[in-house]
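Everything numeric here is computed off the predicted structure, so don't read it as measured data.
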Amino acid sequence: MYKGIAGSEGIGIGNVVIIEEHEINIETKTVTDTDAELVRLQSAIEKFVEATNQMADKMDETVGKKDADILRGHIQMLQDPMIEEQISALIVAEKVTAEMAVDQVLEQTAEMFSQIPDELLQQRATDFRDIKTRMVKLLLGIEDVDISQVPADTVLVARDLTPSMTAGINPDNIAGILTEVGGRTSHSAILARAMEIPAVLSIEGICSIVKNGDKVVMDGASGEAIINPDDDTVREFQQKLDVYQKEKALLAEYAGKPSVTKDGTKVELVCNIGKPEDAKKVVECDGEGVGLFRTEFLFMDRDSIPTEEEQFEAYKSVAETMKGKPVIIRTLDIGGDKAIPYLGLEEEDNPFLGFRAIRFCLQREDIYKTQLRALVRASAFGKIKIMVPLVTCIEELRQVKAMVADIMKELDAEGVSYNKNLEVGVMMETSAACMIADILAKEAAFFSIGTNDLTGYTMAVDRGNAKVAYLYSTYQPAVLRSIKRIIECGRKEGIMVGMCGEAAADPKLIPLLLAFGLDEFSVSATSVLKTRKIISGCDVEACRALAEKVMQCTTEEEVLKILE
């Protein structure tokens, strides 16, 4: 049995097809006609754009617009004036071939993103390497990998499954995906989940372990894969697959139903989104609102700050799509750990403890006021709420509320409408916020617990550091006590307390969160019905009895033993 990261749940049974990358050899030579190389470069870019648009159009039909937009984003990244200028300048100055210049510039850019301690931004490294490989192949005349022709019941095995590779996938023919790299937030995982294909990622050396035609059974939820299993194991996995498919069909029963426990406790079941168009998926998947709109994605993959009007239209479109359902929009969560060149941020030795999120925003009021104005204006079109990230002291919340109040006065003078009862809340994700939760609850309109960062800050763990990753767990007693305290402080002051971190959709933690009194669960759109099913099967009194036992535990191991 081989163990990896659980990338996309489901049971897979099929035969291996290895996606082998052609070995690319770039000849080192000096060119005499740099103008001809620049023409070759532009020709390759045009072919890239045409092919990428075709792949994205195909993905629109097979997977959906959100995932097709990942590919369309590759066009913007390649045609970024800064990137194009760097490649052209290298050709002219160093007299190198177009493929050499493309390889050097895009690899340097990818390397820069790979060093950023943020999983989502590290995906930009994968994007740039995908673009680099495809461009070099175009320049060298190498045919790209075609996955569309693989037979039914195929388990794809690759070092990494890039967005351009997945464009050709016919989900009906793919039983599963195994890769050597990637995590739960990698494109491989995101696209696998969107296509509902089981995936196990980061199995070291899997490409050399298997050979084409090998039989594989796999469990995308546990992150396990067995190569060439015996007949009994295949039968066992076939039974698991039958059960999984029946359970999936039963989830449809929960569409359109309220999110309520067995004993009548109602909660809100909302979704996390990163782009305005993601709101459509929330509606399709029966989400009851948006619990987290990550606005930093509006600022990325461009070379200037989005204008007030651009931001206003983005926030307005989400509010209108949700038709009066709550939409919590987190203000710019950017900083020293996120490379956005045009913001002019300096590199920091310890960026997660540095100049980021609300700290950056309050010192750059020119940027922050533009965003807040757009948010306040958009509040006229739906139930928008503003959430402030990385709060560590009450002064930060007060400053934001004061800015919002001043903006409202300006809009009154301009005759612009907005929601006069617009709520400003706090994303509870630092140890400091947890310790002063009682103080913050008196002045915040709501709390939303960001368990990913709360876990990291509470346990003093860099989750990207493999040596200490074992400590990065929401099941740690310190983290569970932090969550419980935040909820208690919020409820005491009568404010809504939600959760927008990964833990909100964790089947083992949901009973515990209900016992603590969590009001709102914010999950990925595809997790809505599964989470609603779990909630509907819970009895709050029984959950409280469970919570009493768990809160007496002294180790993560003891906590898991009870929850499992």
Side-chain angles (χ1 to χ4, degrees), residues 19-58 70-116 121-147 158-168 181 187 207 300-304 339-344 347:
I19 306 303
E20 295 182 87
E21 292 279 352
H22 289 280
E23 190 174 343
I24 299 173
N25 292 312
I26 300 173
E27 191 180 341
T28 305
K29 62 179 181 181
T30 302
V31 298
T32 52
D33 191 347
T34 55
D35 286 342
E37 289 304 304
L38 293 173
V39 170
R40 284 183 68 228
L41 173 66
Q42 286 309 312
S43 175
I45 290 173
E46 285 167 18
K47 287 176 185 173
F48 179 95
V49 170
E50 185 183 354
T52 304
N53 277 323
Q54 286 173 358
M55 289 191 288
D57 290 343
K58 190 172 181 180
I70 292 173
L71 273 178
R72 292 192 179 98
H74 284 194
I75 296 173
Q76 293 176 319
M77 292 162 82
L78 178 61
Q79 291 186 319
D80 181 314
M82 219 163 64
I83 295 292
E84 275 203 62
E85 283 168 19
Q86 283 181 49
I87 296 170
S88 299
L90 193 60
I91 291 170
V92 174
E94 302 292 331
K95 297 192 184 312
V96 296
T97 60
E99 53 268 28
M100 178 68 80
V102 165
D103 183 69
Q104 283 187 25
V105 171
L106 295 184
E107 181 55 37
Q108 284 169 6
T109 308
E111 186 59 30
M112 179 186 74
F113 276 103
S114 70
Q115 299 301 317
I116 299 169
L121 283 170
Q122 282 174 0
Q123 287 313 306
R124 292 290 182 276
T126 301
D127 286 321
F128 275 108
R129 287 191 173 113
D130 190 12
I131 296 165
K132 177 192 77 171
T133 301
R134 289 181 58 216
M135 276 292 292
V136 170
K137 284 179 179 177
L138 282 168
L139 287 159
L140 294 176
I142 298 171
E143 287 292 318
D144 220 336
V145 178
D146 183 8
I147 298 176
R159 185 180 179 280
D160 191 11
L161 211 58
T162 63
S164 59
M165 286 182 194
T166 51
V181 299
H187 286 324
C207 290
M300 293 176 183
D301 299 334
R302 52 186 296 146
D303 53 15
S304 61
I340 296 185
Y342 65 79
L343 290 180
E347 284 189 24

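Residues satisfying the side-chain contact (heavy atoms from CB on, under 4.5 Å) criterion with Ala101, sequence neighbours excluded, are Ile87, Leu90, Ile91, Val96. In this view, Val31 and Thr34, Glu37, Lys95, Thr97 satisfy the side-chain contact (heavy atoms from CB on, under 4.5 Å) rule, not counting sequence neighbours. Under the side-chain contact (heavy atoms from CB on, under 4.5 Å) criterion, Ala110 pairs with Ala125, Phe128, Arg129, sequence neighbours left out. The side-chain contact (heavy atoms from CB on, under 4.5 Å) test applied to Val92 returns Leu38, not counting sequence neighbours.
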*Apply side chain to side chain contact (heavy atoms under 4.5 Å, CB included) to Ile83 and Met77, showing your working.*
CA-CA 8 Å; Ile83 295 292; Met77 292 162 82; over 6 Å; no
*asked:* Test side chain to side chain contact (heavy atoms under 4.5 Å, CB included) on Gln108 and Glu111; report intermediate values, then the result.
replied: CA-CA 5 Å; Gln108 284 169 6; Glu111 186 59 30; 5.7 Å; no
*Show your reasoning for whether side chain to side chain contact (heavy atoms under 4.5 Å, CB included) applies to Val39 and Asp35.*
CA-CA 6 Å; Val39 170; Asp35 286 342; 5.7 Å; no
*Do Glu94 and Thr30 pass the side chain to side chain contact (heavy atoms under 4.5 Å, CB included) test, and can you show the C-alpha distance, the side-chain angles, and the key distance before you say yes or no?*
CA-CA 8 Å; Glu94 302 292 331; Thr30 302; over 6 Å; no
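For the atom pair Ile131 CD1 and Leu106 CG, the distance stands at 6.5 Å (nearest 0.5 Å). From Ile147, atom CD1 reaches atom CD1 of Ile19 across 4.5 Å, with rounding to the nearest 0.5 Å. In this structure, CD1 on Ile45 lies 10.5 Å from CG on Leu138, to the nearest 0.5 angstrom. Atoms NZ and CG, on Lys47 and Leu139 in that order, are 8.5 Å from each other to the nearest 0.5 Å. Atom CE of Met55 and atom CZ of Arg72 lie 11.0 Å apart (nearest 0.5 Å). Going from atom CG of Asp127 over to atom OG1 of Thr109 covers 12.0 Å, rounded to the nearest 0.5 Å.
A heavy-atom distance below 4.5 Å is not found between the side chains of Glu46 and Glu50. In this structure, Lys137 and Thr133 have side chains that are in contact, with non-hydrogen atoms separated by less than 4.5 Å.
Residue pairs meeting the salt bridge (Lys or Arg N to Asp or Glu O under 4.0 Å) criterion with at least one partner in residues 96-106, sequence neighbours excluded, are Arg40-Glu99, Asp103-Lys132. For the side-chain hydrogen bond (donor to acceptor under 3.5 Å, both in side chains) condition, the pairs that include at least one residue of residues 82-92, sequence neighbours left out, are Gln42-Glu84.
Met100 and Glu27 make their closest contact through CE-O, 4.1 Å (heavy atoms, listed as atom of the first residue, atom of the second, distance).
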